[in-house]
Amino acid sequence: MIEWSPATIKAFQTTLLTWFDQEGRDLPWRRDHEPYHIWVSEIMLQQTQVQTVIPYYERFMDWFPTVQELAAAPEDRLLKAWEGLGYYSRVRNMQRCARQLLADYDGQWPKTATELTELIGIGPYTAGAIASIAFNEPVPAVDGNAFRVFSRLLEIDADIAKPQTRQLFEQVIAKIIPVDRPGDFNQAIMDLGSSYMTARNPDSEHSPVKAFNQAYLDGKELAYPVKTKKPRPVPVDYVAVMAKVPTGEWLMTQRPSTGMLANLWTVPLVKVDDLDLADDATEDDVLVAVSTYFKRDYQLNLVGKELPLKPVSHTFTHQKWTIQLLAGQVEEADLAYFPGKVVSDDQLTDLPMPKVQDKIWQRYREQR
DNA sequence: CATACGTGGTA
DNA sequence: TTACCAAGTAT
């Protein structure tokens with residue numbers, strides 16, 4: 001790792017901010033410095049690209065213009081606003097944060113990164129982003145871009161997958177961030193990281209900070225940042241039960257309030273491991289086992305028929321689901337023991353559903 | 001500290 | 001298809 005002299009730091013600040021003033025992106029959440037706007041955008045942007053976020057941000061502000069309206073929203077409406085963005089606990093934590101703000105802070109945002117970290121869903125990165133952009137506090141906002149940009153500029157070879165490494169980067173950046181324009185500085189780093197200094201296809205030759213990019217000057221750009229790999233997703237097999245009741249309505253289940261896809265809606269998904277089937281089970285065996293499962297857990301009589309469809313495959317960060325589809329009819333629907341409800345085709349669109357459910361609908365329509 | 005937690009894009 | 005990356009936080 002190299003160190004910069006005060007003169008180099010000054011030159012870097014000037015170069016970066018001059019570029020940002022001319023080439024910085026015009027984004028919906030950059031129209032003002034309202035902490036609510038900065039907060040919503042920063043939560044959405046966690047692990048998510050700008051292009052994906054823009055339409056979600058516009059609609060979110062339309063639905064929930066203020067902290068008060070967010071705090072009062074029904075959860076299905078909340079999840080509907082987030083549907084397709086992923087990491088759904090983000091939006092549930094946002095509502096908890098909104099309520100926390102109204103109850104404990106008189107609706108007034110704290111103005112320092114240290115205090116902001118106390119709020120639910122706001123970690124060190126988001127606290128730094130809000131504090132610097134909305135309140136001009138000269139603190140770093142160390143996200144993936146900052147890790148990548150500064151690891152290359154200064155040839156920092158600490159493993160960014162380790163939580164401890166954040167401290168190092170915060171200390172380094174704290175010495176470089178300008179006290180007069182910390183928010184613009186942090187945003188400029190992000191713009192740089194998503195344009196000239198991308199992970200795989202950087203264009204440092206034309207970068208405004210080319211002269212400061214030690215890794216590039218040494219021809220070692222792609223060696224940074226150093227990051228240990230994550231394990232492969234674990235395979236999990238499911239049966240999706242496309243079941244209708246006599247009225248023609250769908251049987252829909254709500255996911256548990258914790259864990260994957262919490263509180264979202266899907267057709268009943270039965271983990272194949274929970275069916276205690278033999279290794280050589282046939283499709284008929286699966287059908288019988290699912291019917292037994294429905295009777296035992298839901299007190300429902302399911303008359304199923306197998307659908308010889310290609311299974312749906314869906315990969316999450318840490319699990320890879322393979323889902324076999326099953327069609328069925330449920331006789332007299334007493335739903336007292338069923339963790340869900342029956343829904344007409346028209347009402348389906350009101351339910352927040354994950355992408356994997358979209359894939360299940362698509363596969364079902366494709367071949368029936 | 002290591003792991004859980006979504007989705008879309010690129011090679 | 002696989003592998004990896006993209007404005008992280010909670011536990």
Side-chain angles (χ1 to χ4, degrees), chain A residues 24-25 27-30 38-57 79 82-94 96-97 116-130 132-133 140-149 159-167 169-170 183 186-195 197-202 222 224-225 227-236 255-264 266 310 313-322 352-359:
Chain A
R25 288 173 292 183
L27 300 169
W29 47 89
R30 288 184 177 174
I38 307 303
W39 173 55
V40 171
S41 69
E42 292 300 341
I43 300 294
M44 284 187 172
L45 286 161
Q46 290 171 6
Q47 303 289 285
T48 311
Q49 308 204 124
V50 166
Q51 178 189 324
T52 305
V53 164
I54 291 175
Y56 281 91
Y57 176 84
L79 290 171
W82 215 260
E83 183 180 58
L85 261 189
Y87 288 142
Y88 298 94
S89 67
R90 287 184 291 175
V91 72
R92 299 195 303 134
N93 283 340
M94 278 178 79
R96 293 173 63 200
C97 179
L116 284 162
T117 309
E118 299 302 312
L119 295 169
I120 295 163
I122 298 184
Y125 162 72
T126 306
I130 298 173
S132 64
I133 298 168
V142 186
D143 67 340
N145 286 308
F147 276 128
R148 187 171 58 257
V149 168
D159 182 357
I160 68 166
K162 296 193 179 307
Q164 197 181 354
T165 302
R166 167 179 297 281
Q167 271 52 277
F169 277 77
E170 284 175 347
N186 284 332
Q187 293 181 87
I189 294 298
M190 298 180 212
D191 280 12
L192 200 55
S194 54
S195 57
M197 296 183 70
T198 61
R200 300 191 193 204
N201 297 304
L222 293 179
Y224 298 91
K227 183 160 80 167
T228 54
K229 294 176 194 170
K230 290 176 180 172
R232 293 183 47 179
V234 176
V236 186
R255 306 268 311 165
S257 60
T258 58
M260 286 252 289
L261 311 173
N263 289 359
L264 272 68
T266 68
K310 193 176 126 201
S313 177
H314 187 79
T315 304
F316 299 95
T317 311
H318 59 295
Q319 286 182 17
K320 179 188 168 121
W321 288 7
T322 301
M353 292 178 273
K355 281 294 167 186
V356 66
Q357 181 60 56
D358 284 349
K359 288 190 186 177

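Numbers restart at 1 for each chain; the letters A, B, ... are given by sequence-line order, proteins then strands.
Between C:dC5 and B:dG6, the distance separating the two C1' atoms is 14 Å to the nearest Å. Comparing the C1' positions of B:dC5 and C:dA6 gives a spacing of 15 Å, expressed to the nearest Å.
Counting any heavy atom pair closer than 4.0 Å across all strands shown, A:R25 reaches a base atom. Looking at heavy-atom distances under 4.0 Å, A:V53 makes no contact with the nucleic acid at all. Within 4.0 Å of A:P124, counting heavy atoms only, lie sugar-phosphate atoms of the nucleic acid but no base atom. Contacts of A:R30 with the nucleic acid, taken as non-hydrogen atoms under 4.0 Å apart, include base atoms.
A donor atom on one side chain and an acceptor atom on the other are found under 3.5 Å apart for A:N93 and A:R96. Judged by distance alone, the side chains of A:Y125 and A:Q46 never bring a donor and an acceptor atom under 3.5 Å apart. Side-chain contact check for A:S257 and A:N263: no donor-acceptor pair (N or O, by modelled atom type) lies under 3.5 Å.
Phosphate contact (OP1/OP2 of C:dA6, side-chain N/O of A:R148, threshold under 4.0 Å): present. The side chain of A:K320 places an N or O atom within less than 4.0 Å of a non-bridging phosphate oxygen (OP1 or OP2) of C:dT2.
Side-chain atoms of A:T126 and A:L116, non-hydrogen and from C-beta on, never get closer than 4.5 Å to each other.
Ion pair A:R30/A:D191 flagged as a salt bridge, since at least one NZ, NE, NH1 or NH2 atom sits closer than 4.0 Å to an Asp/Glu carboxylate oxygen.
For the pair A:L116 CG and C:dA10 P, the computed distance is 12 Å after rounding to whole Å. Between the CD1 atom of A:I120 and the C1' atom of C:dA10 there is a distance of 11 Å, rounded to whole Å. Rounded to whole Å, atom C1' of C:dC5 lies 7 Å from atom NZ of A:K227. Taking atom CD1 of A:I160 as the reference point, atom C1' of C:dC5 lies 10 Å away to the nearest angstrom.
Heavy-atom distances to DNA chain C give each of A:R232 and A:M190 a nearest nucleotide, and the one nearer the 5′ end belongs to A:R232.
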Annotated protein contacts, base or backbone, on nucleotides 5-11 of chain B with a non-hydrogen cut-off under 4.0 Å, one of B, S, - each: BBBSBBS
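More than 12 heavy-atom neighbours from other residues, nucleotides or ligands sit within 6.0 angstrom of CZ on A:R25.
Taking the ring centroids of A:Y56 and A:W82, they lie at or beyond the 6.0 Å cut-off.
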